[in-house]
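So the structure is just underneath, and the comments pick up after that.
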Amino acid sequence: MKKATLFFILLIWITDAIAQPSQDTSGALIPQKENIIKAETIIKIENLGPKVNTQYPELRPTVSADGNILFFICENHPQNTKYNSIRNSQDIWYAVRDSFGRWSEAYHMEYPLNTYFYNAVFWISPDNNRILIRNAFIDGDYMGNGVSMSYLDKDGYWSKPEALRIKNYQKYDRGRQNGATMAHDGKTLLLYMTEEKNGVNNDIYVSFLQKDKYWTEPKSLGKKINLPKNDEMTPYLAADGVTLYFSSDRPGGQGDNDIWMSKRLDSTWQKWSDPVNLGAPINTPEWDAFFTLDAGGEYAYLTNSTDTYGESDIVRVKLLEREKPDPVVLVSGNVYNKKTNEPLSASLLYETLPDGEEVGNAISNPDDGAFKIVLPYDKNYVIRATADKFFAQSENLNLDSLVKAGYKEIHKDLYLVPIEIGQVVRLNNVFFDFDKWDLRAESHLELNRVVKLLEENPAIEIEMSAHTDSYGSDEYNFKLSDNRARSVMEYILSKGISPNRIRSQGYGETKPVALNDTPENRQLNRRVEFTILKN
């Protein structure tokens with residue numbers, strides 16, 4: 001294992017590994033044991049190898065959505081912050097995976113993430129720019145039990161962790177153990193703890209992010225998950241936002257705590273399917289916990305104490321179909337300044353149409369503007385970035401009409417337009433039926449953002465324009481585009497914007513942005529946009 005301060009070493013290692021195939025195979029996955037479920041099905045437990053695992057206990061893996069970053073605890077390692085302490089030391093380490101599936105030598109994290117208390121990473125966001133940390137910190141100073149968030153800066157350093165403000169948290173965390181994870185939407189927090197003073201039987205709770213940045217009071221997941229006399233802990237919510245894996249010593253297990261799986265049945269977080277034991281070899285007669293997945297949901301990472309380099313190792317196992325979560329889409333891209341094409345650090349939101357409900361958040365990397373978000377199927381999404389003095393050119397991703405064909409990865413860049421005279425903003429989420437100019441309800445979310453821009457910047461005046469492809473006559477295309485532009489303007493005026501601040505114009509096919517030679521290019525030419533005339 002090696003010691004590292006800058007997180008960008010991780011990214012450099014990945015780049016080098018892709019450019020120069022390594023001759024060292026010692027980090028390859030090592031099959032350890034197998035269990036025959038059926039004659040044709042073999043489940044293998046694969047040790048991550050000696051670059052990750054050592055003679056010391058490795059615990060609590062947390063893998064990134066793309067499967068390329070792994071955080072974990074190493075206990076009592078000589079490089080740990082308080083190695084010489086009387087009490088056991090638990091510090092955060094991490095490794096990265098190259099394009100050949102090989103893990104790098106593990107790196108020890110430094111302050112402010114590793115302190116003289118027990119340390120752990122509970123969750124890494126899909127954008128890889130945020131991590132959820134064990135314990136409550138204020139400006140990096142330890143304040144007691146709780147959970148904190150740390151952010152990656154443009155130089156590759158992690159910020160000092162700051163505690164999440166959870167209403168009445170201390171009322172619920174009174175036992176000997178606690179922990180957390182977060183849904184990939186960045187808005188849903190799962191906690192395990194007990195209200196019994198010095199108690200050992202934990203329950204699993206959920207808390208939600210509010211607009212004021214506070215988190216709601218923890219709420220039990222209900223009697224199906226939390227049995228009255230058993231220990232439920234180390235929850236992990238899969239990328240689909242529905243499938244829950246957790247550890248419990250409930251009846252029907254292999255011995256001690258086992259990994260169980262249940263499906264959330266509605267939005268109350270109280271109704272769940274009957275938990276199912278994942279069986280051997282995932283579960284053993286020993287204590288089994290710390291289960292995590294990448295967004296693809298094919299491989300699970302967990303702690304194992306059989307045939308290991310030390311007391312416990314980090315391993316992975318390929319899941320059977322019945323054990324997998326529902327498939328999702330991993331959307332990656334970069335945020336750019338539309339005017340300069342330079343990358344931007346921005347906050348991201350994704351909402352559903354036509355209701356406009358905010359269903360998740362992310363941030364782009366402060367260095368290159370890179371982001372990743374995870375989207376379940378069966379929804380129509382609007383994705384946009386936000387930054388001060390910019391207007392977002394949002395993107396539409398309709399997964400409602402797609403058949404669940406398994407895990408997919410999609411690249412989609414996002415652009416922010418500076419609020420300046422002459423800048424043109426394309427409105428990608430304004431919709432009309434074929435050959436009509438009546439606004440569809442899905443358009444209101446996009447146009448309400450234009451209304452907000454005008455309300456917050458009272459000096460701005462704009463021209464709203466509509467454009468067509470080259471199909472149809474010039475007269476037909478002009479009439480259609482002019483009526484569509486007018487329809488959009490009338491909606492904005494209906495929200496109280498002064499008529500002298502907006503005008504409409506249809507341009508037909510006279511201002512193409514692409515050749516009209518393919519369906520994709522014709523789609524680019526069929527557009528609604530506005531131009532800032534005065535600021």
Side-chain angles (χ1 to χ4, degrees), residues 6-19 64-69 96-99 124-131 150-159 184-186 239 294-296 328-351 358-375 381-399 407-420 423-429 446 449 513-514 520 523-524 527 529:
L6 295 182
F7 195 66
F8 66 71
I9 293 176
L10 170 158
L11 302 174
I12 295 172
W13 188 90
I14 292 177
T15 304
D16 289 345
I18 293 173
S64 61
D66 59 14
N68 292 328
I69 307 171
V96 297
R97 189 177 65 166
D98 67 15
S99 60
I124 179 171
S125 61
D127 52 49
N128 295 340
N129 296 317
R130 296 169 290 171
I131 50 178
S150 179
Y151 297 83
L152 193 66
D153 69 19
K154 64 180 181 180
D155 296 318
Y157 289 95
W158 290 103
S159 69
H184 284 331
D185 62 11
D294 59 23
V328 296
V329 175
L330 178 68
V331 182
S332 63
N334 298 78
V335 179
Y336 294 107
N337 182 325
K338 182 68 174 177
K339 180 181 178 181
T340 65
N341 285 323
E342 295 176 346
L344 282 173
S345 173
S347 299
L348 277 74
L349 297 174
Y350 44 106
E351 301 158 303
E358 183 184 324
V359 291
N361 60 65
I363 59 175
S364 65
N365 187 281
D367 180 44
D368 60 6
F371 71 89
K372 289 185 176 74
I373 60 176
V374 172
L375 300 177
Y381 296 96
V382 171
I383 308 169
R384 59 186 173 91
T386 62
D388 190 34
K389 298 181 180 179
F390 286 88
F391 188 85
Q393 190 167 287
S394 63
E395 292 291 335
N396 175 241
L397 193 60
N398 190 354
L399 304 184
Y407 173 71
K408 292 182 181 295
E409 295 187 5
I410 296 174
H411 187 91
K412 187 176 285 289
D413 292 330
L414 299 177
Y415 292 89
L416 285 167
V417 180
I419 302 174
E420 299 173 358
Q423 291 300 306
V424 179
V425 181
R426 180 174 177 137
L427 300 174
N428 289 316
N429 289 285
E446 184 90 312
R449 293 197 303 113
V513 293
E520 292 77 16
Q523 178 64 42
L524 290 174
R527 67 196 190 276
E529 57 194 21

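We count residues from 1, following the sequence as given.
- Although no hydrogens or angles enter the test, the distance criterion places no donor-acceptor pair under 3.5 Å between the side chain of N361 and the main chain of S347.
- Each of Q393, E395, E351 was checked for a side-chain contact (heavy atoms from CB on, under 4.5 Å) with R384, and the lone residue meeting it is E351.
- Taking CG of L344 as the start and CG of L416 as the end, the distance is 5.5 Å to the nearest 0.5 Å.
- Distance check, rounded to the nearest 0.5 Å: CG of D153 to OG of S345 gives 10.0 Å.
- Within the 4.5 Å cutoff, the side chain of I124 has heavy atoms near those of the I131 side chain.
- In this structure the side chain of V417 never reaches within 4.5 angstrom of the side chain of V424, judged on heavy atoms.
- Taking NZ of K412 as the reference point, atom CG of L397 lies at 6.0 Å (rounded to 0.5 Å).
- Checking side-chain atoms of S159 against main-chain N and O of Y151 turns up a donor-acceptor pair under 3.5 Å.
- Under a 3.5 Å cut-off, the side chain of R426 and the backbone N or O of R527 do not form any donor-acceptor pair.
- In terms of modelled atom types and a separation under 3.5 Å, the side chain of S64 and the main chain of N128 share no donor-acceptor contact.
- Two residues are said to be in side-chain contact when any heavy atoms from C-beta on lie closer than 4.5 Å; I410 and L375 fail this criterion.
- The two residues A385 and L414 have their closest heavy-atom pair at N-CD1, 4.1 Å.
- Across every non-hydrogen atom of A239 and V374, the tightest pair is CB-CG1, 3.5 Å.
- Counting heavy atoms from C-beta outward, D185 and Y350 have side chains that approach closer than 4.5 Å.
- Counting only heavy atoms from C-beta outward, the side chains of P418 and N337 approach each other to under 4.5 Å.
- With hydrogens and angles disregarded, no donor-acceptor distance shorter than 3.5 Å links the side chain of N68 to the backbone of V96.
- Here the closest heavy-atom approach between residue R130 and residue A362 is recorded as NH2-CA, 3.4 Å.
- Under the 3.5 Å distance criterion, the side-chain polar atoms of D155 are left unmatched by any main-chain donor or acceptor of Y157.
- Counting only N and O atoms by type, the side chains of R449 and N429 include no donor and acceptor under 3.5 Å apart.
- Between S332 and E409, every side-chain heavy-atom pair lies at or beyond the 4.5 Å cut-off.
- Rounding to the nearest 0.5 Å gives a distance of 10.5 Å between CG of D367 and CG of N129.
- The two residues P126 and K372 come nearest to each other via the heavy atoms O-CB, 3.0 Å.
- By the 4.5 Å heavy-atom criterion applied to side chains, D127 and L348 are not counted as neighbours.
- Within the 4.5 Å cutoff, no side-chain heavy atoms of Y381 are placed close to those of V331.
- Minimum heavy-atom separation, A295 to V328: O-CG2, 3.5 Å.
- Scanning both residues, G369 and S364, for their nearest heavy atoms gives O-CB, 3.4 Å.
- Counted by atom type alone, N428 and N396 present zero donor-acceptor pairs between their side chains at under 3.5 Å.
- For the ring pair (Phe, Tyr, Trp, His ring centres under 6.0 Å) test, no residue two or more places apart in sequence or in another chain qualifies with F390.
- Considering CD1 of I363 and CZ of F371, their distance stands at 12.5 Å, rounded to 0.5 Å.
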